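Each chain gets a letter, A, B and so on, in the order its sequence line appears, and its residues count up from 1. Quick caveat: nothing in here was measured; it's all calculated off a predicted structure.
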Amino acid sequence: MDNLSTRYNPKEVEDKWFKLWSEKGCFHQEKDDTKKPYCIVIPPPNVTGILHMGHALNNTLQDILIRRKRMQGYAALWVPGTDHAGIATQNVVERSLSKEGKTRHDLGRDEFIEKAWDWTKAHGGTIIKQLKKLGCSCDWQRERFTLDEDYSVAVNEAFLKLYKDDLIYKGSYIINWCPRCQSALSDEEAPHKELQGNLYYIKYPIKATSKKGKSIPENQELDYVVVATTRPETMFGDTALAVNPDDERYKDLIGKTVVLPIAEREIKIISDEFVDPEFGTGVVKVTPLHDPNDYDMGCRHKLEGILCINPDGTMNANATDVYDGLDRFEAREALVEDLKERKLLKKVDAHSHAVGHCYRCHTIIEPYFSEQWFVRMKPLAKKGIEEAKRGNIKFYPQRWNKIYDNWMRNIRDWCISRQIWWGHRIPAWYCSDCYKIYTENKKSLKVTLPVEISYEEIGIIAVGEKPNKCPKCGCTEIFQDPDVLDTWFSSWLWPFAIFGWPFSQPSAVSRQLSAKEKKQKADLEYFYPTSTLVTASEIIFFWVARMIMSGLKFMGKIPFSDVYIHGTVRDDKGRKMSKSLGNAIDPLEIIEKHGADALRFSLISLPGEDLYLADSKFEFGRNAMNKLWNASRFILMNLDDSKIRNYEPKDLISKVAASQSNIAEKWILFELFEAIKAIDESLENYRFHEASSKLYDFFWHKLCDWYIELAKINIEDELTQNMLHLCLKYTLKLFHPFAPFITEEIWQKLPKKDAEFIMLSEWPVLPDLDQANWATNSFDDMMGLIGVIRNKRAQFNIAPMASLPRVIVISDRESLLDDFRVLDKYFKQLGNIEQIIFTSEDKAVSKSSSVVVYKAIKAYILLEGLIDIDNEKEKLNKEINVVEREINNIHNRLENKAFLSKAPKEVVNQQRQRMDEYNLKMKELKAALKEIS
RNA sequence: GGGCGGUUAGCUCAGUUGGUUAGAGUGCCACGUUGACAUCGUGGAAGUCACUGGUUCAAGUCCAGUACCGCCCACCA
């Protein structure tokens, strides 16, 4: 074994093990009635995506969970896959087209979709390959894509079912419109961002009070109403002004008419409770088709709606010839100049306000009146709220429960139609003849509110499957709705659609299932509901909440019981890591440099919720992996295979417990069990950092710093050999979920393995321990005493090479002294001491010795020929001050009658004991000070 | 505007039902390569627990208020 490098080299091992695991079917999980299921569905990354640090974190966490559960004997299934990411993928393909000077319309729908599939097939596998590099133990045979043929069946089925239950409808409302993507977006896809803008105060001339309603005579002096707006360009869509009915200033104006500047159109002044008299001038321009509030007001007052902006963000003919065709923001600037010249602009104030932005291309959203498909959410949300309330779905950390609950209670209908081509086409069919009539009606760009859509009127003749002819007019020219569904409308079905749901289609018809379908159905019944969902907070609303609703609707059961929300990956300045900011660290570069295990271990070892990353942070994981490598190398180099018995812990326990002299062995076993217990508890509660730090602490500061060091003395002993072997074996198992590759590599070198692959070995189980027999106080006291002795050495600048000639340890506890005598050789080894005496007699000690005190144990160190006492006095005085202060504190406490009578007895006794210890320490410190003065 | 979190060492964070001298990692300083590991070892310095008041024998921990920071949601143009 001495041929191993002193440095761990991940490159030589990672791909090798992944390939072998794969070949041996370690990743694949079937339904297994002898085991309990544990299932995770991956949050499917965008098919356009490449692995970033957020993915690395997200998937490392899932892999840790799944690997541990697999080792614990669960049927652990992790289903991987990707998401077709409608708008994102379409954008990518369009961008590549534009390099050839083409648009999607040049190609036509079918050819464009073909191009998109080509692209997907060529590049879509990238992220999957990268997840494999990371070591993800997904069942790769079950990889799914949201545009798979049978997945599309699930999407259609869901649409049809909701439609039948009146939970999907088509309607005309103000939606979020991205003028660049030229598509509607859901509210979640249009996040608000604070923008620094202006508040423009525009004068609207009041029409002369002639009751006949004649136009304003030229040169007549006019009165104005001043309106404050952030979006002057929408004034071409104004169909009223509104004031608050209780606003005294404007009471007389209600019902009057003003003339819309430039457009020279007359509009009424109405009153509405919605208007806040405090804001601006207290007068609002009402633009029903370009603002959601104004739309509501428009409906309340049955106003006309006028569209003045085109879908691409340019102004239309209603904006007069001057502005027709101008971009909305150019139009704003030009219009403001125009108003200034006409002296209709009173003033401009700086004003910051929140504006919706497209989450894909960050273009400013246009609130736009349009005809779209919606899902009625309130009825779906009701059960989802109840399930979480009852604790059937738990969020970790818990506070996300509230955020989920809050959103669900204020949920609004979900706009699911998108005016793009890449995605699931809406399964609604129209009759060409009937639809024609409807479209001709709506070309005017003007409507009277509210607009009610009748399906009959707009020509929808079927949802689900294409009919042969129109049932109304018999026309055989039938066409499908051109829009596709929001990507999230497919991903909200993920936890069951991946298993092949539905198993009969269309939903009304039942038929014989194929063998494949039978198996899928059995899988679904076995693995659903899944166990844990691991994701980032950004997609709680997009995905998590909606999956809960769809699971309840379509399966009648919640899709998962636990939701773990992990933090955000940031740079070391706290900024969110992103490609556009240029502060991203590429996980693949880190893997290349330090290995996947180092990447994984670094990520989960960072404390806190959000991760503040810099290249240097990955050295932590690299160092830990190297330490693991070298500790293993040392043990393996020294093992004599013929002595290794492959003990189970419980056997080794009874062997160790049999002798009083196995203090160190008892101690390390106890520490191992404590570590297992703590790691299990942390992981069950999704406290990953806590788990890794317990493991790290056990491995480095218990096993390496103490046990391996003292084992060097009697490394030939059979007990030591077996102890080292067992500790290594269990340490590897505990490390495996965090660092799968290195642990497998070392596992394979163990003289006695208990499984062909560590990834299929058993997770450590705690044996029954009689705690009383496992008290390891004397070992702890030994470590403490060696600590103060080392401290003293450093204080006197005694070279690490130089050993202490003699140390006398004094305690009045005989049993402790007996234990210490057993540990004699360890004291000598770890304290670098030549001779050590354990006694209860406080012997006179030579003048050139120094005393240290640990708890109630004293040790005299002979320093003859070693010391340089320059700073000893100063140090002693400092320590005396600390101890004195503490003695005073305890003294006061013990003098306090209230304390004595009210505090629990244990606390009082504890204080008394401490007092004794401090008094002893003080006595020794003072004696020492006197000695050197 | 509404909601949720936070403020503890230079930095990132732990800190259980109130009870030893408030901990860890990292960074910093000193010393050190004797056969696992310098990607290492040993030791050290470093904190007014944001502020104010209250409850209590006892407060980083519980309560109230203040200040500051962060996040999410939102239809005041």
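Looking at heavy-atom distances under 4.0 Å, A/Phe274 makes contact with a base. Residue contacts shown for A/Arg790 are limited to sugar-phosphate atoms, with no base heavy atom under 4.0 Å away.
Between A/Asp405 and A/Arg409, at least one side-chain N (NZ, or NE/NH1/NH2) sits under 4.0 Å from a carboxylate O, which counts as a salt bridge. Between A/Glu671 and A/Lys702 there is a salt bridge, since at least one side-chain N of the basic residue sits less than 4.0 Å from a carboxylate O of the acidic one.
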Report each atom pair, protein N/O against N/O of nucleotides 4-14 of chain B, whose distance is under 3.5 angstrom.
from: B/G5; atom 1: OP1; to: A/Lys402; atom 2: NZ; distance (Å): 3.2
from: B/U12; atom 1: O2'; to: A/Pro607; atom 2: O; distance (Å): 3.4

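For B/G41, the OP1/OP2 oxygens have a side-chain nitrogen or oxygen of A/Trp700 closer than 4.0 Å. Dashed line: the shortest gap from a side-chain N or O of A/Asn406 to OP1 or OP2 of B/G2 is not under 4.0 Å. Residue A/Arg7 places at least one side-chain N or O under 4.0 Å from the OP1 or OP2 atom of B/U39.
Between the OH atom of A/Tyr854 and the C1' atom of B/G43 there is a distance of 17 Å, given to the nearest Å. Straight-line distance from the CZ atom of A/Phe634 to the P atom of B/A38: 14 Å, rounded to whole Å. Look at NE2 on A/His290: it is 18 Å from P on B/C75, rounded to the nearest Å. Between the CZ atom of A/Arg793 and the C1' atom of B/G32 there is a distance of 11 Å, rounded to whole Å.
Heavy-atom contacts from other residues, nucleotides or ligands closer than 6.0 Å to NZ of A/Lys203 number more than 12.
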Quick one: side chains of residues 612-626 of chain A, donor-acceptor pairs under 3.5 Å with protein atoms, not counting sequence neighbours, listed by atom name and distance.
from: A/Lys617; atom 1: NZ; to: A/Tyr612; atom 2: O; distance (Å): 3.4
from: A/Asn623; atom 1: ND2; to: A/Glu619; atom 2: O; distance (Å): 3.4
from: A/Asn626; atom 1: OD1; to: A/Tyr8; atom 2: N; distance (Å): 3.1

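Proximity of A/Asp640 to A/Gln721: side-chain heavy atoms (C-beta onward) are separated by under 4.5 Å at one or more points.
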